[in-house]
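Some notes on the structure that comes next.
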Amino acid sequence: MRLFLFSIIIFLQINFLNAIEFIGKFEQGSFILGKTKPNSKVQIDNRKVRVTDDGYFAFGLDRDRKNDVIIKIIEKGNLETIQKKVLKREYKIQKIDGLPPKQVTPPPEVYERIKNDNKLIGKARSLNTPYKFFKKKFINPLDKYVITGVYGSQRILNGKARRPHYGIDFHAPEGTPVKAMMDGKVTLAEADMYFTGGTIIFDHGHGVSTLFMHMKDIDVKVGQKVKQGEIIGTLGKSGRATGPHLDIRLNWFDVKLDPASVLSLN
Ligand SMILES: [Zn+2]
């Protein structure tokens, strides 16, 4: 009898602990998919996040995140608090000298244009829609590629430290068809932004977005719903690109995440 009661208690504890699951590593730059009981309320670092009717939520960890993540789950009036450590990463630092100054600092006459581009991108990334596309596994945007740039790396150009690189660069021939990595809705499709050239942003719901830059052709329109794997345009070298390549970004609102945390790259 005592053993029986003991087993019941163990079972209940396991059940309680299993009420929440995470897919993804608690590491700098990671995208994390959470699953809890339907109708739960979830807060990440005191920020309320949406939960789908089947219990899914999403969040991500900044490149330089140091603090533990505090996850609060309220289900039927019970509060559960989970504290998770975040693994640190080391990022590549690359020095490039002898570049023409034009490539290092944009000329003043384009400041307005850059400001406007950033505003449009920021707006698209701030959307908090109830779409639940983000639950699926992401797929690669290209079949054949060579990775030429990684997340978190930082360049020191002509002795000046630049912003870290927040994307993954895929080298492939100009004109190669590019695929949507996840079902989503197009929230931005611009043919010619200053830095990013032909640019597309997809909303995958709950603040999760992907961005594609340096596109040659763009075959989608704002407001259009796109399926994972659908051709969205072709790879190019538009904007400030040194050669043909696709640079992709993954965001949780304004938090810039490592796309490699959701892809299987070779
Ligand atoms: Zn890049």
Side-chain angles (χ1 to χ4, degrees), residues 28-31 60-64 89-100 102-106 110 113-114 117-118 120-122 124-125 138-158 160-182 188-202 208-218 232-252 254-266:
Q28 291 177 335
S30 269
F31 172 81
L61 307 172
D62 185 80
R63 175 189 186 266
D64 300 306
R89 292 175 60 180
E90 278 197 25
Y91 300 109
K92 270 194 199 170
I93 306 292
Q94 191 186 11
K95 283 184 184 172
I96 303 172
D97 292 317
L99 282 175
K102 192 176 157 259
Q103 230 178 311
V104 180
T105 313
V110 298
R113 192 174 154 205
I114 293 170
D117 290 352
N118 289 340
L120 292 175
I121 292 172
R125 284 173 166 166
F138 285 81
I139 63 160
N140 293 345
L142 299 167
D143 295 323
K144 278 188 177 173
Y145 55 83
V146 176
I147 304 271
T148 51
V150 294
Y151 174 90
S153 59
Q154 195 167 23
R155 285 173 161 189
I156 304 178
L157 303 182
N158 294 354
K160 280 187 202 159
R162 311 304 294 182
R163 291 179 74 223
H165 185 247
Y166 289 104
I168 296 181
D169 294 325
F170 296 85
H171 174 76
E174 191 171 5
T176 303
V178 174
K179 295 183 284 191
M181 298 190 284
M182 175 67 82
L188 182 146
E190 290 285 330
D192 186 26
M193 289 184 133
Y194 182 76
F195 284 113
T196 58
T199 309
I200 309 173
I201 299 181
F202 292 96
V208 180
S209 69
T210 51
L211 182 151
F212 295 71
M213 60 176 84
H214 309 309
M215 302 288 289
K216 183 170 189 253
D217 304 296
I218 292 180
I232 57 170
T234 58
L235 184 146
K237 54 177 187 208
S238 55
R240 299 308 101 171
T242 45
H245 77 283
L246 172 69
D247 185 341
I248 55 158
R249 305 293 168 104
L250 172 68
N251 269 61
W252 177 57
D254 58 344
V255 184
K256 300 168 171 76
L257 309 176
D258 187 352
S261 70
V262 298
L263 298 173
S264 311
L265 301 170
N266 46 35

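Both ligands and their constituent atoms are indexed starting at 1 by order of listing.
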Checklist entry - Taking the N/O/S atoms of Asp169 one by one, which is nearest to the Zn ion (ligand 1)? => result OD1
Item to check | salt bridge (charged side-chain N to carboxylate O under 4.0 Å, His left out) partners of residues 242-252, not counting sequence neighbours, each pair once | outcome: Asp247-Arg249
For residues 147-156, run the donor-acceptor check on the side chains, cut-off 3.5 Å, and write out each pair with its distance to 0.1 Å, sequence neighbours left out.
from: Tyr151; atom 1: OH; to: Arg63; atom 2: N; distance (Å): 3.3
from: Tyr151; atom 1: OH; to: Lys256; atom 2: O; distance (Å): 2.7
from: Ser153; atom 1: OG; to: Val150; atom 2: O; distance (Å): 2.9
from: Gln154; atom 1: NE2; to: Arg162; atom 2: O; distance (Å): 2.8
from: Arg155; atom 1: NE; to: Gln94; atom 2: OE1; distance (Å): 3.3

Next on the checklist: For Lys237, is the NZ atom crowded, meaning more than 12 foreign heavy atoms sit under 6.0 Å from it?
Outcome noted: no
Item to check | Side-chain donor or acceptor of Ser238 paired with backbone N/O of Gly198 under 3.5 Å | outcome: yes
Next on the checklist: Taking 2.8 Å as the cut-off, does His245 contribute an N, O or S atom near the Zn ion (ligand 1), distance below it?
Outcome noted: no
Checklist outcome for this item: Per residue Asp247, nearest N, O or S atom to the Zn ion (ligand 1) is named OD2
